[in-house]
Chemist: 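Would you mind keeping the following structure in view while I ask a few things?
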Amino acid sequence: MLAGKAAAAAATTSFCSLQASLLTLAILTLLSFTYFSLNSSSILRPHPLSPLNHHHLLSATIPEDHVPTTTTTTTTTVDDDDHHHQLSDIYHSPKVFGLNFADMEANFKVYIYPDGDPNTFYQTPRKLTGKYASEGYFFQNIRESRFRTLDPDQAHLFFIPISCHKMRGKGTSYENMTIIVQNYVESLISKYPYWNRTLGADHFFVTCHDVGVRATEGFPLLVKNSIRVVCSPSYDVGFIPHKDVALPQVLQPFALPAGGNDLENRTKLGFWAGHRNSKIRVILARVWENDTELDISNNRINRAIGPLVYQKRFYSTKFCICPGGSQVNSARIADSIHYGCVPGKISVLLVCSYD
């Protein structure tokens with residue numbers, strides 16, 4: 001009887017001790033995360049993309065005989081708090097940002113995985129023309145870039161060279177696209193050690209066509225961990241702003257020469273023509289289509305009217321309106337800049353009514 005009570009008491013004590021240990025561990029973990037979160041901006045890591053020590057970077061990027069004589073005076077007159085702020089947050093200090101940028105220009109490297117047959121869905125772009133030419137030029141130009149390295153141990157980022165646009169050209173279904181992407185990435189993970197070092201945080205892939213967004217959505221490991229470079233940075237397709245990158249969409253080649261600073265020939269205040277495939281465009285067409293200062297067409301310009309009528313209208317307007325359509329991306333922004341009118345991006349429209 002007494003032995004049974006003693007055993008029960010021992011078990012209770014052991015359980016309470018385990019509970020206390022787990023609770024202590026949880027508290028220490030929470031405190032550690034809190035500490036590192038609060039001090040993350042002041043932790044300096046020896047990585048070319050991180051905020052390096054100001055004096056170290058200064059000596060690394062600027063020869064001693066080129067350092068301005070005012071540097072010492074400026075440094076000594078700044079108090080410790082301001083100096084620490086300059087070191088910890090490069091985006092709020094133009095000088096530190098400039099030095100870090102110079103270091104990045106000198107040392108930044110990208111490694112392109114060599115796996116995959118260029119004649120199928122890998123390594124090379126589908127084409128360098130059309131409204132998704134940005135993806136094609138990215139595939140081409142990164143290989144010719146001075147940032148490319150053939151040594152993966154020198155790389156800061158790793159490019160996954162798979163093209164869903166090429167799959168679309170071969171009539172591949174969305175389901176099969178997802179399977180192809182998943183099999184390819186998993187083969188890279190098993191073959192090379194680089195993904196597992198960061199769980200893919202330093203890996204990226206490029207897709208300008210929305211088929212790439214839809215196809216990769218079925219592989220959460222890739223979408224959530226790696227950097228997506230996309231032409232449609234919309235929240236409804238899972239764009240994560242703290243890691244993903246917007247790729248400007250450019251329609252290539254341009255149909256007509258670049259416009260100039262010829263204000264006297266730009267008689268219209270604004271121009272837009274396109275499908276009413278979003279709420280913003282519907283409101284825009286309804287409110288502005290009868291405005292005589294604006295050139296608004298609530299549908300595509302009929303090519304039967306004449307050759308390149310749409311492109312020629314860019315030459316005669318001061319502002320080119322670029323409203324969001326089915327996605328937030330639009331080749332009109334690049335068109336506007338090329339033809340010499342000021343692009344006006346409208347993605348959110350607030351309409352107020354008064355009684």
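Positions are given from 1, in the same order as the sequence printed here.
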Chemist: So among Y122, F139, F205, F147, which one has a ring-ring contact (aromatic ring centres under 6.0 Å, His included) with F159?
Modeler: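 Only one option passes, and that is F139.
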Chemist: For atom NZ of K312, is the number of surrounding heavy atoms from other residues, nucleotides or ligands below 6.0 Å larger than 12?
Modeler: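 Atom NZ in K312 is packed in, count exceeds 12.
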Chemist: D115 and Y184: side chain to side chain contact (heavy atoms under 4.5 Å, CB included), yes or no, with the steps?
Modeler: CA-CA 9 Å; D115 306 61; Y184 180 67; 4.1 Å; yes
Chemist: Quick check for you: to the nearest 0.5 Å, what is the distance between L99 atom CG and M104 atom CE?
Modeler: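 Between L99 CG and M104 CE, I get 13.0 Å after rounding to 0.5 Å.
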Chemist: Taking C-beta and beyond as the side chain, do R313 and V309 meet within less than 4.5 Å on heavy atoms?
Modeler: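 Counting from C-beta outward, R313 and V309 do come under 4.5 Å.
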Chemist: Locate the shortest heavy-atom distance separating T149 from D151; write the atom from each residue and the value.
Modeler: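 Scanning both residues, the minimum pair turns out to be OG1-N, 3.1 Å.
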Chemist: What are the two closest non-hydrogen atoms of R126 and G169, and how far apart are they?
Modeler: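 Of all heavy-atom pairs spanning R126 and G169, the closest is CZ-CA, 3.4 Å.
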Chemist: Flag the pair S145 / F138 as yes when at least one side-chain heavy-atom distance between them is below 4.5 Å, and no otherwise.
Modeler: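 Side-chain contact under 4.5 Å: no.
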Chemist: Please list, chain by chain and in numerical order, all residues satisfying disulfide (SG to SG under 2.5 Å) with C320, sequence neighbours excluded.
Modeler: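 Only C341 meet the disulfide (SG to SG under 2.5 Å) criterion with C320.
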Chemist: Hey, is the main chain of P118 close enough, under 3.5 Å, to the side chain of K166 for a donor-acceptor pair?
Modeler: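 A pair under 3.5 Å: yes.
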Chemist: Looking at every heavy atom in both G260 and R266, which two are closest together, and how far apart are they?
Modeler: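 Result for this residue pair: O-NH2, 3.4 Å.
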Chemist: Find out whether C164 and V181 are in side-chain contact, i.e. whether some heavy atom of one side chain is under 4.5 Å from a heavy atom of the other.
Modeler: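 When only atoms from C-beta onward are counted, V181 and C164 do touch, with a gap below 4.5 Å.
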Chemist: Would you give the length of the straight line joining atom NZ of K243 to atom CZ of F204, rounded to the nearest 0.5 angstrom?
Modeler: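 So the NZ of K243 and the CZ of F204 are separated by 12.5 Å.
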Chemist: If I compare all heavy atoms of E135 with all of S163, which pair ends up nearest, and what's the gap?
Modeler: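 Result for this residue pair: OE2-OG, 3.0 Å.
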Chemist: What distance separates L294 CG from K268 NZ, expressed to the nearest 0.5 Å?
Modeler: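 The distance works out to 7.5 Å.
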Chemist: Shared ILVMFWY cluster between V287 and L269, side chains joined below 4.5 angstrom?
Modeler: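 Yes.
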Chemist: Would the distance check show the side chain of R332 and the main-chain N or O of A273 forming a donor-acceptor pair, the cut-off being under 3.5 Å?
Modeler: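 Looks like yes, one N/O pair under 3.5 Å.
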Chemist: Classify the ring geometry of F271 against Y310: parallel below 30°, tilted from 30° to 60°, perpendicular beyond 60°.
Modeler: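 Tilted.
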Chemist: Measure from the side-chain N and O atoms of D244 to the backbone N and O of F239, and report whether any donor-acceptor pair falls under 3.5 Å.
Modeler: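 Checked: no pair found.
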Chemist: Ignoring hydrogens and angles, tell me if any N or O in the side chain of Y174 forms a donor-acceptor pair with the backbone of G218 under 3.5 Å.
Modeler: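 Absent.
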Chemist: Mind running side chain to side chain contact (heavy atoms under 4.5 Å, CB included) on L221 and V185 for me, showing each step along the way?
Modeler: CA-CA 10 Å; L221 178 69; V185 174; 5.6 Å; no
Chemist: If you apply the rule side chain to side chain contact (heavy atoms under 4.5 Å, CB included), what do you find for L188 with Y194, and how did you get there?
Modeler: CA-CA 9 Å; L188 299 179; Y194 309 110; over 6 Å; no
Chemist: Taking all heavy atoms of F219 and all of Q182, pick out the closest pair and write down the distance.
Modeler: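 Closest approach of F219 to Q182, heavy atoms only: CE1-CG, 3.6 Å.
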Chemist: Checking the side chain of Q123 only, and the main-chain atoms of Y113 only, is there a donor and an acceptor separated by less than 3.5 Å?
Modeler: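 Here the side-chain-to-backbone pair exists.
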Chemist: Check Y339 against L256 and note the closest heavy-atom contact, atom names and distance.
Modeler: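 That closest heavy-atom pairing would be OH-N, 3.4 Å.
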Chemist: If Ile, Leu, Val, Met, Phe, Trp and Tyr residues are connected whenever their side-chain heavy atoms lie under 4.5 Å apart, and connections chain through other members, are Y137 and I333 in the same group?
Modeler: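 No; tracing contacts between hydrophobic side chains, which count when under 4.5 Å, never links both residues.
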Chemist: Do the non-hydrogen side-chain atoms of W272 and R281 ever get within less than 4.5 Å of each other?
Modeler: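 Counting from C-beta outward, W272 and R281 do come under 4.5 Å.
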Chemist: Quick check for you: to the nearest 0.5 Å, what is the distance between R197 atom CZ and D202 atom CG?
Modeler: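 Atom-to-atom, R197:CZ and D202:CG are 6.5 Å apart.
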Chemist: Do T120 and K170 have a side chain donor and acceptor closer than 3.5 Å?
Modeler: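 There is no such pair (donor and acceptor under 3.5 Å, judged by atom type) between the side chains of T120 and K170.
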Chemist: Does one hydrophobic cluster hold both L308 and F254, with members joined at side-chain heavy-atom distances below 4.5 Å?
Modeler: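 Yes; F254 is reachable from L308 via cluster members.
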Chemist: What about I160 and I179, same hydrophobic cluster or not, with Ile/Leu/Val/Met/Phe/Trp/Tyr joined at side-chain heavy-atom distances under 4.5 Å?
Modeler: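 The answer is no; the residues belong to distinct hydrophobic clusters.
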Chemist: After noting the C-alpha distance and the side-chain angles of V282 and R286, does the key distance pass the side chain to side chain contact (heavy atoms under 4.5 Å, CB included) rule?
Modeler: CA-CA 6 Å; V282 171; R286 185 176 68 240; 4.1 Å; yes
Chemist: With distance as the sole test, does S134 use its side chain to make a donor-acceptor pair with the main-chain N or O of V250 at under 3.5 Å?
Modeler: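 Yes, the answer is positive, given that a donor and an acceptor are paired below the 3.5 Å cut-off.
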Chemist: Are L199 and L157 in one and the same hydrophobic cluster, where Ile, Leu, Val, Met, Phe, Trp and Tyr link if side-chain heavy atoms are under 4.5 Å apart?
Modeler: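 Hydrophobic grouping puts L199 apart from L157.
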Chemist: Is there a donor-acceptor contact under 3.5 Å linking the side chains of E144 and Q140?
Modeler: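 No donor-acceptor contact under 3.5 Å links the two side chains.
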Chemist: Are E105 and R146 side-chain neighbours, meaning at least one heavy-atom pair lies under 4.5 Å?
Modeler: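 E105 vs R146: side chains touch.
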Chemist: Using only atom types and a distance under 3.5 Å, with no angle test, would you say the side chain of R228 pairs donor to acceptor with the backbone of I240?
Modeler: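 No.
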Chemist: How would you list, by chain and number, every residue that makes a side chain to side chain donor-acceptor pair (under 3.5 Å) with H338, sequence neighbours excluded?
Modeler: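 Once residues adjacent in sequence are excluded, H338 has no partner under the side chain to side chain donor-acceptor pair (under 3.5 Å) criterion.
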Chemist: Give a yes or no answer on whether the side chain of K318 reaches the backbone of V342 with a donor-acceptor pair at less than 3.5 Å.
Modeler: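 Not a single qualifying donor-acceptor pair exists.
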Chemist: Would you say S190's side chain and E186's backbone share a donor-acceptor pair under 3.5 angstrom?
Modeler: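 Judged by distance alone, yes, a pair lies under 3.5 Å.
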Chemist: If you define the side chain from C-beta out and look only at heavy atoms, does anything of I162 sit under 4.5 Å from M167?
Modeler: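 When only atoms from C-beta onward are counted, M167 and I162 do touch, with a gap below 4.5 Å.
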Chemist: Is the backbone N or O of F314 less than 3.5 Å from a side-chain atom of T317, with the two atoms forming a donor-acceptor pair by type?
Modeler: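 Flag not set: sc T317 to bb F314 has no pair under 3.5 Å.
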Chemist: How many angstroms lie between atom CD1 of I142 and atom CD1 of I112, to the nearest 0.5 angstrom?
Modeler: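 CD1 of I112 is found 4.5 Å from CD1 of I142.
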Chemist: At what distance, to the nearest 0.5 angstrom, does CE of M177 lie from NE2 of H165?
Modeler: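 M177 atom CE to H165 atom NE2 measures 9.5 Å (nearest 0.5 Å).
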